[in-house]
Amino acid sequence: MGKSTQKKELTFEQAMMRIEQILQTLDDGQETLDESLALFEEGTGLVRFCNEKLQNAKLKIKEVVAKNESSKCEEVLS
C-alpha cells in the first residue's frame with residue numbers, strides 16, 4: 001500500500017495527530033539526517049492532505065449556505 005493510498009484512508013484528525021508526532025520526534029533531535037528528511041517529507045505530505053480536506057470542507061460549507069439562502073429566497077417569493 002503506497003503512501004498516497006494511506007493518506008486517503010486517514011481522517012483529518014488522524015493526520016493532525018501524526019503531524020504532531022512527527023514534530024515531537026523532530027524536536028527531540030535524535031534522528032539521523034536521512035530519518036529527519038523522511039519525517040519532514042511525510043509531514044509536508046500530511047499538511048498538504050489536511051489543507052485539501054479543509055478546502056473541501058470550506059467549499060461544502062459555502063454550498064450548504066448558498067442552498068440555504070436560495071431556499072429562503074424561494075420561501076419569501078412564494
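We count residues from 1, following the sequence as given.
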Check your understanding: side chain to side chain contact (heavy atoms under 4.5 Å, CB included) between E63 and K67: does it pass, once the steps are laid out?
Key -> CA-CA 6 Å; E63 288 174 9; K67 274 186 183 178; 5.8 Å; no
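Considering only heavy atoms from C-beta on, M16 comes within 4.5 Å of I19 through its side chain.
Cluster membership check: L54 shares its hydrophobic cluster with V47, using side-chain heavy-atom separations under 4.5 Å among Ile, Leu, Val, Met, Phe, Trp and Tyr.
Here the closest non-hydrogen pair linking L46 and R18 is CD1-CG, 3.4 Å. Contact record, L39 with T25: CD1-CG2, 3.6 Å, taken as the closest heavy-atom pair. Across every non-hydrogen atom of L10 and F49, the tightest pair is O-CZ, 3.2 Å.
The CG atom of N68 sits 13.0 Å away from atom CD1 of I61, with the distance rounded to the nearest 0.5 Å. Rounded to the nearest 0.5 angstrom, T11 OG1 and M17 CE are separated by 8.0 Å.
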